Amino acid sequence: MNTTPWTVAPEPYDSPAAAALWRAYFTEVSDRWYLLHEGHASDPDGLERAIAAESGSELAPPHGRLLLARYAGEPAGTAGVRLVDTDTAELTRVYVREELRGKGGAALLVAAAEDAARALGATAIRLDTRSDLVEARALYARLGYAETAPHNADVYAEHWFRKELAPPRPPRAGAPRPSRTSRR
């Protein structure tokens, strides 16, 4: 019996829930950067322009996926993957609302993103992040991502990670398979 309040499912990158979580994510990481480097929060006009400039369309099928986590039915976080070549996916937009952090949602989102990357044909997944996002760096290390040499020249990237994706395990012989119509 599944008793977790978390669910993760694909979501259109431009849905209202995805857009609201993208705004929350981008505002948080932008404000953190500006507070650290310039001593003030993001300029509201600049923030609006930056949010609008990053539509997320690269996370649409057939070459990408956006996953939305819900906690007790409410939108709670996102993770996106997109193919960068035939074998490699990029993990992006990993975010969990602040009040829900520490409840296991980020690890579930990353695992679902890895599954989505496999479904896209990727055998490896990579990402970049900043030094001040220490929680993210700790999460990726805990989930088996290894820090690597830079794979891009993004001005905000300071740490690069990669993980080889093991193929999905086939179901065990004799394991029960739930019916889509069963009502247990």
Side-chain angles (χ1 to χ4, degrees), residues 2 4-30 47-97 100 104-130 133 136 139-140 143-146 148 150-154 156-157 160-171 177-181:
N2 184 1
T4 181
W6 288 101
T7 60
V8 176
E11 180 84 9
Y13 71 89
D14 57 354
S15 76
L21 288 165
W22 167 238
R23 173 174 292 286
Y25 165 82
F26 197 88
T27 300
E28 180 178 335
V29 298
S30 180
L47 185 63
E48 289 304 316
R49 284 190 301 276
I51 289 170
E54 297 287 332
S55 73
S57 62
E58 72 280 7
L59 303 177
H63 302 292
R65 298 288 182 279
L66 180 71
L67 303 164
L68 190 128
R70 294 180 185 276
Y71 186 83
E74 294 297 317
T78 61
V81 292
R82 69 178 186 92
L83 287 177
V84 293
D85 61 42
T86 57
D87 298 319
T88 309
E90 185 168 52
L91 179 62
T92 186
R93 295 193 184 195
V94 177
Y95 173 75
V96 173
R97 288 185 1 227
L100 296 172
L108 287 173
L109 275 164
V110 172
E114 291 171 0
D115 288 343
R118 283 185 199 91
L120 293 170
T123 58
I125 191 166
R126 71 183 194 191
L127 64 99
D128 63 69
T129 192
R130 299 187 328 226
L133 300 176
L139 171 73
Y140 301 132
L143 297 177
Y145 286 75
T148 65
H151 59 256
N152 64 28
D154 185 318
Y156 297 107
W160 296 263
F161 290 84
R162 181 179 175 93
K163 182 177 181 179
E164 301 301 315
L165 297 173
R169 288 184 246 186
R177 300 183 121 191
S179 165
R180 291 178 188 238
T181 59

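Atom set for the values below is all heavy atoms of this structure, side chains included, hydrogens, waters and symmetry mates excluded. Just so it is clear, the model here is predicted, and its values are computed rather than measured.
- Smallest separation of non-hydrogen atoms from Gly104 and Trp6: C-NE1, 4.3 Å.
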Quiz prompt | Step-by-step side-chain contact (heavy atoms from CB on, under 4.5 Å) determination, Tyr95 to Leu21 | solution = CA-CA 8 Å; Tyr95 173 75; Leu21 288 165; 4.0 Å; yes
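- The closest side-chain heavy-atom distance from Leu66 to Pro10 is not below 4.5 Å.
- Ser57 meets the side chain to side chain donor-acceptor pair (under 3.5 Å) test with Ser55; sequence neighbours excluded.
- Residues Thr129 and Phe161 form a side-chain contact, since some pair of their non-hydrogen atoms from C-beta on lies under 4.5 Å apart.
- Asp14 pairs by the side chain to side chain donor-acceptor pair (under 3.5 Å) definition with nothing, not counting sequence neighbours.
- Listed here is the closest heavy atom pair of Thr88 and Ala122: C-CB, 4.2 Å.
- Taking all atoms of both residues into account, the shortest heavy-atom contact from Tyr140 to Leu91 is CE2-CD2, 3.9 Å.
- Checking side-chain atoms of Arg118 against main-chain N and O of Ala166 turns up a donor-acceptor pair under 3.5 Å.
- In this view, Val29 and Tyr25, Arg130, Leu133 satisfy the side-chain contact (heavy atoms from CB on, under 4.5 Å) rule, not counting sequence neighbours.
- In this structure, Thr92 and Leu59 approach most closely via the heavy-atom pair CG2-CD2, 3.8 Å.
- Of the inter-residue distances, the one linking Leu47 atom CG with Thr27 atom OG1 reads 4.0 Å to the nearest 0.5 angstrom.
- Put simply, CZ on Arg93 and OH on Tyr13 are 10.0 Å apart, with the number rounded to the nearest 0.5 Å.
- Glu11 has its side chain within reach of Arg70: a pair of non-hydrogen atoms, C-beta onward, lies under 4.5 Å apart.
- A search for side chain to side chain donor-acceptor pair (under 3.5 Å) contacts involving Glu48 returns Arg23, not counting sequence neighbours.
- To the nearest 0.5 Å, atoms CD (Glu58) and CZ (Arg82) are separated by 6.0 Å.
- Among all heavy-atom pairs drawn from Val81 and Ala117, the shortest one is CG2-N, 4.2 Å.
- Trp160 approaches Pro150 most closely through the heavy-atom pair CD2-CA, 3.4 Å.
- Taking CD1 from Ile51 and CZ from Phe26, the interatomic distance works out to 6.5 Å, rounded to the nearest 0.5 Å.
- Contacts of Glu74 classified as side-chain contact (heavy atoms from CB on, under 4.5 Å), with partners at least two apart in sequence or in another chain: Arg97.
- The residue from Ile125, Leu83, Asp85, Val84 that alone fulfils the side chain to side chain contact (heavy atoms under 4.5 Å, CB included) condition with Glu90 is Val84.
- Between the OG atom in Ser30 and the OH atom in Tyr156 there is a gap of 7.5 Å [rounded to 0.5 Å].
- To the nearest 0.5 Å, atoms OG1 (Thr7) and CG (Leu68) are separated by 8.0 Å.
- The closest side-chain heavy-atom distance from Thr123 to Leu165 is not below 4.5 Å.
- Looking at residues two or more places apart in sequence or on another chain, you find a side-chain contact (heavy atoms from CB on, under 4.5 Å) between Ala124 and Arg162, Glu164.
- In this structure, Lys163 contributes its side chain and Leu143 its backbone to a donor-acceptor pair below 3.5 Å.
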